[in-house]
There are 2 protein chains.
Amino acid sequence: MAQSEPLYRQIAADLREQIRGGQLKAGDRLPTEAELREQYGVSRNTVRLAFAQLQNEGMITSTQGRGTIVREQVITTYHASWAESRDRMSSDQVDAFHAEQAAQGHKSAYRDFEMRIVPASPELAERLTVDEGDSLVSRSFVRQVDGEPSSLQDSYYPMDIAQECGLLTPHDVAGGAIRAMAAKGHVEIGYVDEVTTRMPRPDESRKLGLGIGTPVLVYVRTTYSDTRPLRLTLTIFAGDRNRLVYELGDISGYHGQNGYAS
Amino acid sequence: MAQSEPLYRQIAADLREQIRGGQLKAGDRLPTEAELREQYGVSRNTVRLAFAQLQNEGMITSTQGRGTIVREQVITTYHASWAESRDRMSSDQVDAFHAEQAAQGHKSAYRDFEMRIVPASPELAERLTVDEGDSLVSRSFVRQVDGEPSSLQDSYYPMDIAQECGLLTPHDVAGGAIRAMAAKGHVEIGYVDEVTTRMPRPDESRKLGLGIGTPVLVYVRTTYSDTRPLRLTLTIFAGDRNRLVYELGDISGYHGQNGYAS
DNA sequence: TTCCAAAAGTTGTCCCAACAAATGGTCTCA
DNA sequence: TGAGACCATTTGTTGGGACAACTTTTGGAA
């Protein structure tokens, strides 16, 4: 490995891989601290640091006297809202974001643009109604606000739509992807947003420049035409620097703009 | 203090109080590990455990060679949605929640109901358009799903509305508060939702039974009539067990119901 | 067989020590 | 004056040890 990577992080990475890869499933017991101490030839202190890191990521749980197990994540859905809406104006998300940030006096930019072709995971396949393993076009970038990284955005398109609408380019699409799709008859008529939270993974933490102990907002928007899902956008927001606001109904004034602490 | 409370937690609690109380402000340097070791007469390891806990709460940041400082939290707003909606059906949030959970096959209940009269904080005052320090009626409870605590809900009403609508009772209001207000002419016509995330405070962690490393979703809904804000609802969701979903536009089918991991 | 006590196993707390790495300031020398 | 070397300070990493607290298993006694 990298000779500069601390031991406890290497151990944490190993265990994380085993959990991610399925060798260790939810509810399974991890090796005891003593066993890992033996196995890696390190002190118990170092093993405990590795455990602490995984605990902070919400992946494992230790119980005194019993051992350490892989956590299982069961989540229930709270259907917060449903609304009929029409007449959306600048449908392009990037433009809309830019405009709003500018209105708030912030400078928005994006970098590290990347286009990849990836197989559909079960979650992606379900939401885009394609088969698991089907090729999807991923277009991702890092969004910056006032020079600081603010969120990681990753959009997935079904391959046939991406080809038809010229989304296989390794750079930004002029006018935005939504407009390019609309020009070919794939018109957005609505979307479903899913919002949840978790601790960031190390690479996310690095890209977003997050301090230890900062969670992220995981935000998934599935966009639909009248016949099929057009796109899935996965956005990882730095939890300490972002807030999502939904206005529903016919509100006139009121809404404050500043932070909510307690 | 309690003789059973671990040293590192006592130290963490002391520092947390100093930050909360304002003796240590954002950007200030904390005492060095060596100083705290001296001051409390403990080992450096114990001080580091205390620091680790505060780091996981997102309150402080340590930098090698420089020291440890109190973090400052600046957040920007992302206006994710705007929509005109009408014909909402069961407007009462509690009932709506119950119904949805039942539809998903879960048993929803609530406990520890509490009614208090509290002065308006700056954030509450701004959103409810009252003066800071004005009396508000707080009605809070713990929501349970399948016997597990799922979220902490706390609703704030302007005093005059609460009096008029009989919300000063220390128990549940038959038919729901929204219906009671509507009966007196305070009809809900829309709301603004704000969603963000952070690490839980110790009391929240305890009430929700959260494991270490589990963040919470902070969800603020401000409800409006055609003339004024009626209510502000602050909900703390256990981040590992909840998800918010917003449907916007005219969608027919599609949307999946299961967890989103990556 | 049943129940209770003891033992073994495992994580939690706490101490001590040493060196590495990064930062910020000082001091010297060109 | 300016640049670079050096040093003190501070946190990061890693090792070692001891006992406490809690859970599970085991074994013996009734």
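Reckoned from all heavy atoms, side chains included, excluding hydrogens, waters and symmetry mates. Order of the sequence lines fixes the chain letters, A, B, ..., with proteins taken first and strands second; residue numbering starts at 1 for each chain.
Remark: C1' of D/dT14 and OH of A/Tyr8 are 11 Å apart, rounded to the nearest angstrom. Counting to the nearest Å, the P atom of D/dC22 and the CD1 atom of A/Ile69 are 19 Å from each other.
Atom CD of B/Glu38 is surrounded by 12 or fewer heavy atoms from other residues, nucleotides or ligands within 6.0 Å.
Residue B/Arg29 is the one, among A/Thr63 and B/Arg29, whose nearest nucleotide of DNA chain D lies closer to the 5' end (criterion: closest heavy atom).
With respect to B/Arg198 and B/Glu204, a salt bridge is recorded, a charged nitrogen being found less than 4.0 Å from a carboxylate O. Note on A/Glu194 versus A/Arg127: salt bridge recorded, some NZ/NE/NH1/NH2 to OD/OE distance being below 4.0 Å.
Protein chain A contacts DNA chain C over a range whose 5' and 3' limits, counting nucleotides with an atom under 4.0 angstrom from a non-hydrogen atom, are C/dG9 to C/dT13.
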Checking side-chain contact (heavy atoms from CB on, under 4.5 Å) for the pair A/Phe237/B/Thr197: CA distance, chi angles, key distance, verdict?
CA-CA 10 Å; A/Phe237 287 101; B/Thr197 183; over 6 Å; no

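Residues B/Tyr8 and B/Arg48 have side chains not in contact (no heavy-atom distance under 4.5 Å, counting atoms from C-beta outward).
Listed for the A/Asn242 side chain is a donor-acceptor partner under 3.5 Å among the backbone atoms of A/Ser150.
Contact check of residues 32-50 of chain B against DNA chain C (heavy atom, cut-off under 4.0 Å) returns B/Gly41, B/Val42, B/Ser43, B/Arg44, B/Asn45, B/Thr46.
Under the 3.5 Å distance criterion, with hydrogens and angles disregarded, a donor-acceptor pair is assigned to the side chains of A/Thr214 and B/Arg71.
A pairwise comparison of heavy atoms in B/Arg9 and B/Gln53 identifies CG-OE1, 4.0 Å as the closest pair.
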